[in-house]
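Here the structure comes first, spelled out in structure tokens, and everything after it is commentary.
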Amino acid sequence: MPELPEVETVRRQLNDLLIGRKIVDVNVSYAPIIQGDVRMFQSRLIHQTINRVNRYGKYLMFELDDWTLVSHLRMEGKYYLKSSDDVLSKHEHVVFLFEDGYELTYHDVRKFGTMELVQKGFEKNLVSINKLGPEVNDPMIDIKSIYQKIHRSSRPIKSLLLDQTIVCGLGNIYVDETLFLTRIHPETRGNRLTKKTVKALIDNARGVVNKAIGLGGTTIRSYHSTLGIDGLFQNELYVHTKKDEPCPICQTPIIKIRVGQRGTYFCPRCQKKGER
DNA sequence: ATCTATGCCTGGTGGC
DNA sequence: TGCCACCAGGCATAGA
């Protein structure tokens, strides 16, 4: 599932490929991906040029002349740039045709992804964007306000770190890695954590996210990045997907449980509950 | 107000 | 190319 490092990798690739390309037509073969009216979506995009590809959290934002296309890849969304002569696969649900004979296709096996247009400069008018917390790897992040949100909650820390309104960008992989690095049990309640521990969690999350960006993200299961280019961070994982394998620190087998309906991997010896 | 459960989707896997 | 239950999970929404 693309998390911040994977989406950033996609952003960089798309930004290099798409700047200056002008849209001449848009085809949508699975309408629910498009938020709002599909015909309006198409008519607003025609004759618009892609000026830049931005990102906030896990959202891609294609900056056009008058509009911003906000795209979330959810679990398996991918973009491909190909010739308009190429045959489409059955999983390519949205196609942006450019005037130079190339096209950008949106491929999403599970159809979970979303796209929405908003007037350029008014991205915060979208509820989904407006409610996002600060990006987890923002070097100027305000630990105090994050601590306040975490400390007043009885939810498990795993769920809190996945909550994009507290900090945004983390998904299931990097939360498991962050909790391991900080030696925190994923079911520890937010209100059992000290400010010092919350700071350590955010510091470790920033470190793991930035390291993953440097390696082009993580490729596991069927989750490959745009253009068939795979990241390398899967080789750096300590606990996620490592059930029954020895903990890299103490050799105790990694276990898998469910926390808030999410598969969760951790070391039962290194990661303990309780006040920290 | 807070928190939890459910639905959205399809391909891969494992048990029979 | 057997059949089928189950799993993967980010986010919006319904319900407790």
Side-chain angles (χ1 to χ4, degrees), chain A residues 1-8 10 28-36 55-61 70-79 88-94 106-116 118 123 125-133 135-136 146 148-179 186-193 205 209 212 217-225 234 237 239-244 254-266:
Chain A
M1 64 310 297
E3 307 178 27
L4 191 155
E6 291 74 39
V7 181
E8 174 60 16
V10 170
V28 178
S29 55
Y30 184 75
I33 289 172
I34 310 302
Q35 309 300 295
R55 179 192 56 73
Y56 192 84
K58 305 178 196 173
Y59 289 83
L60 284 170
M61 299 190 182
V70 178
S71 165
H72 197 301
L73 304 173
R74 292 290 178 92
M75 317 306 299
E76 302 193 37
K78 304 170 185 65
Y79 283 101
L88 294 179
S89 94
K90 66 171 182 175
H91 299 302
E92 289 174 294
H93 310 299
V94 184
Y106 178 70
H107 180 288
D108 191 342
V109 171
R110 283 157 71 185
K111 303 176 178 173
F112 272 19
T114 60
M115 291 183 199
E116 187 162 14
V118 62
E123 294 78 14
N125 283 5
L126 297 183
V127 175
S128 57
I129 301 301
N130 188 48
K131 68 182 188 184
L132 294 175
E135 294 193 294
V136 64
I146 290 165
Q148 286 167 350
K149 286 180 185 171
I150 288 177
H151 192 255
R152 70 174 185 230
S153 173
S154 61
R155 294 162 69 197
I157 185 60
K158 163 112 190 193
S159 301
L160 293 167
L161 291 174
L162 286 171
D163 184 338
Q164 306 294 299
T165 70
I166 297 176
V167 290
C168 76
L170 293 176
N172 209 29
I173 299 171
Y174 297 115
V175 167
D176 281 359
E177 296 300 301
T178 296
L179 289 168
E187 291 178 310
T188 309
R189 307 283 168 173
N191 55 22
R192 303 287 293 171
L193 296 173
V209 161
T218 299
T219 307
I220 56 172
R221 289 187 281 271
S222 65
Y223 310 119
H224 299 266
S225 73
Q234 63 276 13
L237 295 174
V239 290
H240 193 79
T241 71
K242 305 293 185 184
K243 177 170 152 49
D244 297 332
I254 299 300
I255 62 174
K256 183 183 182 187
I257 62 172
R258 292 190 80 79
V259 180
Q261 282 71 248
R262 309 258 181 260
T264 299
Y265 301 81
F266 71 105

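Chain letters run A, B, ... following the sequence lines, proteins first and then strands; every chain starts at 1.
- Remark: A/K256 is in phosphate contact with C/dA8, judged by side-chain N or O atoms under 4.0 Å from OP1 or OP2.
- In this structure, the NZ atom of A/K243 is 14 Å from the C1' atom of B/dG14, given to the nearest Å.
- Phosphate proximity of B/dG11 to A/H91: present, with a side-chain N or O under 4.0 Å from OP1 or OP2.
- When the side-chain nitrogen and oxygen atoms of A/K90 are compared with OP1 and OP2 of B/dG11, one or more of them lie within a distance under 4.0 Å.
- Under the side chain to side chain donor-acceptor pair (under 3.5 Å) criterion, A/Y106 pairs with A/D108, sequence neighbours left out.
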Response to the item:
Letter by letter from the 5' end, nucleotides 10-16 of chain C scores (B base, S sugar-phosphate only, - none; protein heavy atoms under 4.0 Å) BBS----
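- The phosphate of B/dT2 (OP1 or OP2) has no side-chain N or O of A/S153 nearer than 4.0 angstrom.
- In DNA chain C, runs of at least 3 stacked Watson-Crick or G-U pairs (N1-N3 plus N6-O4 or O6-N4, or N1-O2 plus O6-N3, all under 3.5 Å) give these stems: B:2-16 with C:2-16.
- Between A/R152 and A/K111, the residue anchored closer to the 5' end of DNA chain B is A/R152, taking for each the nucleotide with the nearest heavy atom.
- You'll find the side chain of A/I150 stays beyond 4.5 Å of the side chain of A/R155, heavy atoms only.
- Comparing C/dC11 with B/dA1, their P atoms sit 23 Å apart, to the nearest whole Å.
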Discussion item. Before you tell me yes or no, could you show the steps for A/Y59 and A/E116 under side-chain hydrogen bond (donor to acceptor under 3.5 Å, both in side chains), namely the whole-Å CA-CA distance, both residues' side-chain angles and the distance that decides it to 0.1 Å?
Written reply: CA-CA 11 Å; A/Y59 289 83; A/E116 187 162 14; over 6 Å; no
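- For A/Q261, taking side-chain heavy atoms from C-beta onward, the closest of the listed nucleotides B/dT10, B/dC3, B/dT6 is B/dT6.
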